[in-house]
Amino acid sequence: MKRFAVISIVFILFAYAMGVSAQSSADIRNYIAKYSQIALDQERAYGVPASITIAQGILESGAGKSGLTRNANNHFGIKAFGGWKGPIYQAWDDEPNKSKFRVYASAAESFRDHSLFLKNNSRYRSLFQKSVYDYRGWAIGLQKAGYATAQTYAKALIGFIDAYQLYAINGGVKLRSGSTVTIRRPVGGSGGKQQQQARPEFLPEEQMDENEESEEEKSVKNAVKKFLVEVNDVRCTVLYPGQTLSSVSMKYDIPKQKLLEFNETTRESDFKEGDIVFLEKKKSKFTGAQDFYRVKEGDTVYGISQQFGIKMANLTKMNKLNLFSTLKEGDKLRLK
């Protein structure tokens with residue numbers, strides 16, 4: 001298992017105040033404002049792009065909302081391995097039992113440990129040959145090196161960087177897909193000594209207009225718009241790009257097996273980005289004002305169960321169906 005914890009709707013409901021919640025757009029912006037300077041300090045000290053660090057923090061800490069971050073100042077899911085002598089915090093992730101994570105005295109310590117892990121780990125060595133402005137190359141490189149198991153991890157990092165203009169933290173620009181950053185190193189003076197720091201040269205064809213949306217940005221914006229904390233008075237969240245069920249498990253401190261149970265499935269692979277993930281048992285009927293649902297093309301019993309927060313057994317019983325029934329477009333289903 002890798003050194004870090006695994007990272008990893010058709011309608012919008014009102015968000016209720018809760019002790020732990022999914023990250024909303026406001027949460028994300030607050031996180032960026034609070035920690036961008038720390039990330040920039042890390043970039044200058046160790047060479048990890050500030051944009052990448054903040055994007056990873058948003059994903060892995062739930063924009064600062066995860067229990068691990070709130071209780072242990074641990075923003076990147078760093079476990080208590082490698083001879084760690086400090087305090088520990090136990091939380092669920094992808095293991096059958098709770099895992100031990102490092103506790104930090106401050107967020108700055110957590111950010112520094114994250115930078116040191118990348119800097120001192122040989123699998124990420126090639127990344128430090130890339131420009132700190134080449135956030136696309138870094139994101140793709142991290143995924144290829146096995147930093148996270150989520151297949152959309154690089155896409156998610158790029159999406160958050162584009163959507164929230166994180167590239168601007170260090171003075172970078174929005175990059176087109178497939179582009180790289182050319183570094184110009186002016187040389188002058190006696191002995192050919194470098195007279196000034198390397199500056200990025202952003203070629204026009206490599207840059208995107210600020211108002212032009214990348215595909216990764218669209219994906220993230222669509223997911224964040226689906227911000228949910230309750231469906232049918234049942235706690236839930238939305239699986240964001242780059243997250244896995246194990247990510248949700250760690251964020252909300254709920255065993256992954258319980259999450260599978262609450263969502264009436266046995267396979268983590270059943271979840272994809274944008275899906276509702278229930279954090280407690282669904283109800284026997286819909287408690288909202290709607291009494292019936294008109295079936296649309298492609299609807300399934302499971303999908304409607306998730307959409308309205310109703311247990312499948314109750315939904316099928318109310319409508320004299322079974323779990324494998326094929327629904328017809330236009331059919332009217334009882335919700336209560």
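All values below were derived from every heavy atom in this structure, side-chain atoms included, with hydrogens, water molecules and symmetry-related copies excluded. For this chain, numbers begin at 1 and follow the sequence in order.
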Ion pair check, [X] and [Y], cut-off under 4.0 Å:
X	Y	answer
Lys98	Asp253	yes
Lys272	Asp275	yes
Arg176	Glu212	yes

Phe271: ring pair (Phe, Tyr, Trp, His ring centres under 6.0 Å) partners, not counting sequence neighbours: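 Result, ring pair (Phe, Tyr, Trp, His ring centres under 6.0 Å) vs Phe271: none returned.
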Test ring pair (Phe, Tyr, Trp, His ring centres under 6.0 Å) applied to Trp92 - qualifying residues, sequence neighbours left out: none
More than 12 heavy atoms of other residues, nucleotides or ligands under 6.0 Å from [atom1] of [X]: yes or no?
X	atom1	value
Lys258	NZ	no
Gln151	CD	no
Lys285	NZ	no
Glu261	CD	yes

Find the distance between [atom1] ([X]) and [atom2] ([Y]) and round it off to the nearest 0.5 Å.
X	Y	atom1	atom2	result
Gln207	Tyr167	CD	OH	10.0 Å
Tyr293	Asp299	OH	CG	3.5 Å
Thr69	Tyr31	OG1	OH	6.5 Å
Met208	Leu175	CE	CG	9.5 Å
Ile310	Glu264	CD1	CD	10.5 Å
Asp113	Tyr104	CG	OH	3.5 Å

Side-chain contact test, heavy atoms from C-beta onward, threshold under 4.5 Å: evaluate it for [X] versus [Y] and give yes or no.
X	Y	value
Ile58	Ile32	yes
Thr237	Leu228	no
Lys256	Glu268	yes
Arg235	Ile254	yes
Lys174	Glu217	yes
Leu327	Leu321	yes
Tyr302	Asp270	no
Ile52	Leu142	yes

Steps toward side-chain contact (heavy atoms from CB on, under 4.5 Å) verdict (Gln290, Leu335): CA-CA 7 Å; Gln290 190 171 343; Leu335 301 176; 3.9 Å; yes
Keeping [X] on the side-chain end and [Y] on the backbone end, is there a donor-acceptor pair under 3.5 Å?
X	Y	result
Arg294	Gly330	yes
Ser61	Gly57	yes
Ser249	Leu245	no
Asn74	Phe101	no
Asn263	Thr265	no
Glu273	Gly242	no
Thr53	Pro49	yes
Ser115	Phe111	yes
Glu43	Ala50	yes
Asn232	Val234	no

Pairs touching [range] that satisfy salt bridge (charged side-chain N to carboxylate O under 4.0 Å, His left out), sequence neighbours left out:
range	value
residues 137-151	none
residues 125-142	Arg136-Asp162, Arg136-Glu216
residues 317-336	Asp291-Lys336

Please name the pair of heavy atoms, one in [X] and one in [Y], separated by the smallest distance, quoted to 0.1 Å.
X	Y	answer
Tyr240	Ala223	CE1-O, 3.6 Å
His75	Tyr35	CE1-CZ, 3.5 Å
Leu166	Ala55	CD1-N, 3.9 Å
Trp138	Gly47	CZ2-O, 3.5 Å
Lys65	Arg70	O-NE, 3.1 Å
Ser284	Met318	O-CE, 4.0 Å

side-chain contact (heavy atoms from CB on, under 4.5 Å) between Phe160 and Ile28, worked out: CA-CA 9 Å; Phe160 278 109; Ile28 293 169; 3.8 Å; yes
Path from Leu333 to Phe292 over hydrophobic side-chain contacts below 4.5 Å: no
Joint hydrophobic cluster, Phe128 plus Phe117, side-chain heavy atoms closer than 4.5 Å: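 Both belong to a single hydrophobic cluster.
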Exercise: do Ser25 and Tyr164 side chains pair donor with acceptor under 3.5 Å: yes
Test side-chain contact (heavy atoms from CB on, under 4.5 Å) applied to Gln56 and Tyr147, step by step: CA-CA 11 Å; Gln56 287 186 295; Tyr147 182 92; 3.2 Å; yes
Residues that, via side-chain heavy atoms closer than 4.5 angstrom, fall in one hydrophobic cluster with Tyr46: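 ILVMFWY cluster around Tyr46 also holds Leu116.
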Given Ile54, Val132, Ile169, the one that forms side-chain contact (heavy atoms from CB on, under 4.5 Å) with Leu40: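 Answer after filtering Ile54, Val132, Ile169: Ile169.
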Steps toward side-chain contact (heavy atoms from CB on, under 4.5 Å) verdict (Gln257, Leu260): CA-CA 5 Å; Gln257 191 57 44; Leu260 291 169; 4.0 Å; yes
